[in-house]
Amino acid sequence: MYSIKDTNFAGRKVLLRVDFNVPTDDQGRITDDTRMRESLPTLQKLLADGAAVIIMAHFGRPKKGGFEPELTLAPVAKHLERLIGRPVAFTQELLGDKVRQMAAGLKGGEAMLLENIRFYPGETKGDVALAEQLSKLGDCYVNDAFGAAHREHSSTAVIARFFPKDKYFGFLMEHEVKNLERLMHDAPRPFTAIIGGSKVSSKIGILENLMDKVDNMIIIGGMRYTFTKAMGGHIGKSICEDDKMPLALDLMRRMEQKGVRYYLPTDSVVADAFSNEAHTQVVPSDQVPDGWESMDCGPDSVRAISDIIRQSKAILWNGPAGVFEMPAFARGTHEIAKAVAEACKDGACAAVGGGDSVAAVKQMGLADQMSYVSTGGGAMLEYLEGKTLPGIAAIKD
Ligand code: ADP
Ligand code: MG
């Protein structure tokens, strides 16, 4: 019912929301079109059915309210033509007679891209009048913009109320929602979460929500030093949020009460500077010498973490184990990625999410070996915090 799979859209005028917010260089050239390619199956299915497809997308963060030449979707429209091998109607004019005429004249199998939807000041406010005007361009709504699903904007959520019986998830959204729902409500056991990254403060909601769901919690990355210092360990100048130490103790106490087994790495790769060329040594994680800082987890920890991963049937990973951007400190993250990939080969179900974690897994060439790599950074993290995502709720309501 929410899926486009079983519906034939022949003769329909579909409003399709996608996430085409691609990175560009200073000349405005697209440097990575992954996000566009991820929604192609949805677009191609609609066009192949014989639908006329009016695509809505945002680009960057317009501030002025109205057209801004450097944030036009014109290059995206051109690139989309190459990807789908057919013309894409496009105008830089905003919603008005011209856009309405173009949309009305669009025939089955034809696509049109609206100019950057965030040029309308109402979009990010979830303006109902804007949503209504947009809704009049088509006769049904398909949302495939998982990357924007945590936003209650006119084109990502509010517009759905004008299509109470004609609103759908695109293939990308459906894939994300299915995988996340399975993991959060019906995960095979044992279920292990691996949570890392630089700051505890950005992962509190995730730790709190997941401790009710998992059997094992592995806490890695820079954020684990707040836990270690809170327990009285020496962390040198490793990254730490002193004001979060009481919270760290509380989180550990609550995990114990709930019977969640938590694991903190026992050894660390430390450096005498935050640099790829720094001197390094491996030390117990709670005995970092003064003047040194932790950059990665050590070999004993990698082995212990890999063992836990190997025994798990469901794995959720968010947050790198070390400063993986520097090759000298990428090993922990790399080894964990390999262990997760191995577990997937043995039938475990593993999800990887978060902007940096996904970048790490891709950089290591292991993304295709994971059962599921989320395309939505912020959206996935909010889902893991247990929040309702407006873009999902709007289709399901
Ligand atoms: P994600 O985007 O996957 O949610 P985060 O943004 O939470 O991940 O964390 C990623 C960052 O954490 C990376 O830039 C990485 O360099 C940093 N990081 C990991 N381990 C450490 C550490 N020991 N010290 C400092 N920073 C770290
Ligand atoms: Mg990040």
Side-chain angles (χ1 to χ4, degrees), residues 23 147 150 180 193-210 217-229 233-242 244 248 264-276 278 280-289 291-299 301-302 305 315-337 340 350-364 366-367 370 372-385 387:
H150 55 320
L180 285 171
I194 311 164
I195 306 297
S198 49
K199 291 190 168 160
V200 195
S201 52
S202 65
K203 303 288 159 92
I204 300 167
I206 295 180
L207 291 168
E208 289 190 329
N209 188 41
L210 287 179
M217 182 84 82
I218 299 173
I219 302 175
I220 53 175
M223 65 186 245
R224 64 71 49 95
Y225 294 94
T226 301
F227 290 79
T228 304
K229 187 172 175 187
H234 289 274
I235 64 164
K237 51 174 188 157
S238 304
I239 188 169
C240 183
E241 291 169 281
D242 286 346
K244 293 290 175 292
L264 293 164
T266 52
D267 58 347
S268 299
V269 178
V270 299
D272 58 358
F274 192 76
S275 154
N276 194 48
T280 64
Q281 54 176 320
V282 175
V283 299
S285 296
D286 56 357
Q287 295 170 40
V288 180
W292 292 67
E293 67 190 293
S294 173
M295 302 290 275
D296 197 5
C297 58
S301 312
V302 165
I305 293 170
I315 301 150
L316 174 73
W317 181 18
N318 166 249
V323 185
F324 75 96
E325 297 91 337
M326 300 181 193
F329 308 109
R331 184 164 172 268
T333 304
H334 196 174
E335 293 296 324
I336 291 174
V340 177
V352 185
D356 294 290
S357 311
V358 170
V361 167
K362 284 188 175 162
Q363 179 190 310
M364 290 158 185
L366 291 167
M370 308 293 175
Y372 157 58
V373 176
S374 178
T375 62
M380 157 112 171
L381 298 187
E382 287 199 17
Y383 190 95
L384 298 182
E385 289 175 357
K387 291 186 183 151

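Read the numbers this way: they start at 1 and go in the same order the structure lists the ligands and their atoms.
Taking atom 27 (C) of ligand 1 as the reference point, the nearest protein heavy-atom neighbour is V323 CG2, 3.7 Å. Of the protein's non-hydrogen atoms, D356 OD2, 2.9 Å is the one closest to atom 6 (O) of ligand 1. For atom 8 (O) of ligand 1, the nearest protein heavy atom (residue, atom name, distance) is P320 CD, 3.5 Å. Among protein heavy atoms, the minimum distance from atom 19 (C) of ligand 1 is reached at G322 O, 3.1 Å. Of the protein's non-hydrogen atoms, G197 CA, 3.2 Å is the one closest to atom 9 (O) of ligand 1.
Listed by chain and number, the residues in a side chain to side chain contact (heavy atoms under 4.5 Å, CB included) with E325 are V323, D356 (sequence neighbours excluded). Residues that satisfy the salt bridge (charged side-chain N to carboxylate O under 4.0 Å, His left out) test with E385, not counting sequence neighbours, are K387. In this structure, the side chain to side chain contact (heavy atoms under 4.5 Å, CB included) partners of V269, at least two apart in sequence or on a different chain, are T280, V282, D296, F329.
Q281 and P289 get closest at one heavy-atom pair: NE2-CG, 3.9 Å. When all heavy atoms of M295 and M326 are compared, the pair lying nearest together is CE-SD, 3.9 Å. The shortest non-hydrogen separation linking D272 to A278 is OD1-CB, 3.3 Å. Residues I239 and Y225 approach most closely at O-CB, 3.4 Å, considering heavy atoms. When all heavy atoms are compared, the tightest approach of E293 to A273 is OE2-C, 3.8 Å.
For ligand 1, the atoms lying closer than 4.0 Å to a non-hydrogen atom of E325 are 13 (C), 14 (O), 15 (C), 16 (O). Near K203, meaning under 4.0 Å from one of its heavy atoms, ligand 1 places the atoms 4 (O), 5 (P), 7 (O), 8 (O). Listed by atom number, the atoms of ligand 1 under 4.0 Å from G221 heavy atoms are 20 (N), 23 (N). Of all atoms in ligand 1, numbered sequentially from 1 with element shown, those under 4.0 Å from a heavy atom of N318 are 1 (P), 3 (O), 4 (O). Atoms of ligand 1 lying under 4.0 Å from at least one heavy atom of G222, given by number and element, are 19 (C), 20 (N), 21 (C), 22 (C), 23 (N), 24 (N).
Between E208 and the choices L210, I206, I204, the side-chain contact (heavy atoms from CB on, under 4.5 Å) rule is met once, by I204. Results of the side-chain contact (heavy atoms from CB on, under 4.5 Å) test with D267 over C297, P299, P284 single out P299 as the only residue that passes.
Only the side chain of I239 comes within contact range of ligand 1, with a heavy atom under 4.0 Å; no backbone atom does.
Between the side chain of T333 and the backbone N or O of P320, no donor-acceptor pair lies under 3.5 Å.
Atom 24 (N) of ligand 1 has its nearest heavy-atom neighbour, among S198, S294, S357, in S294.
Within the protein, the N, O or S atoms lying under 2.8 Å from the Mg ion (ligand 2) are D356 OD2.
Using a 4.5 Å heavy-atom cutoff, the side chains of R224 and S294 are not in contact.
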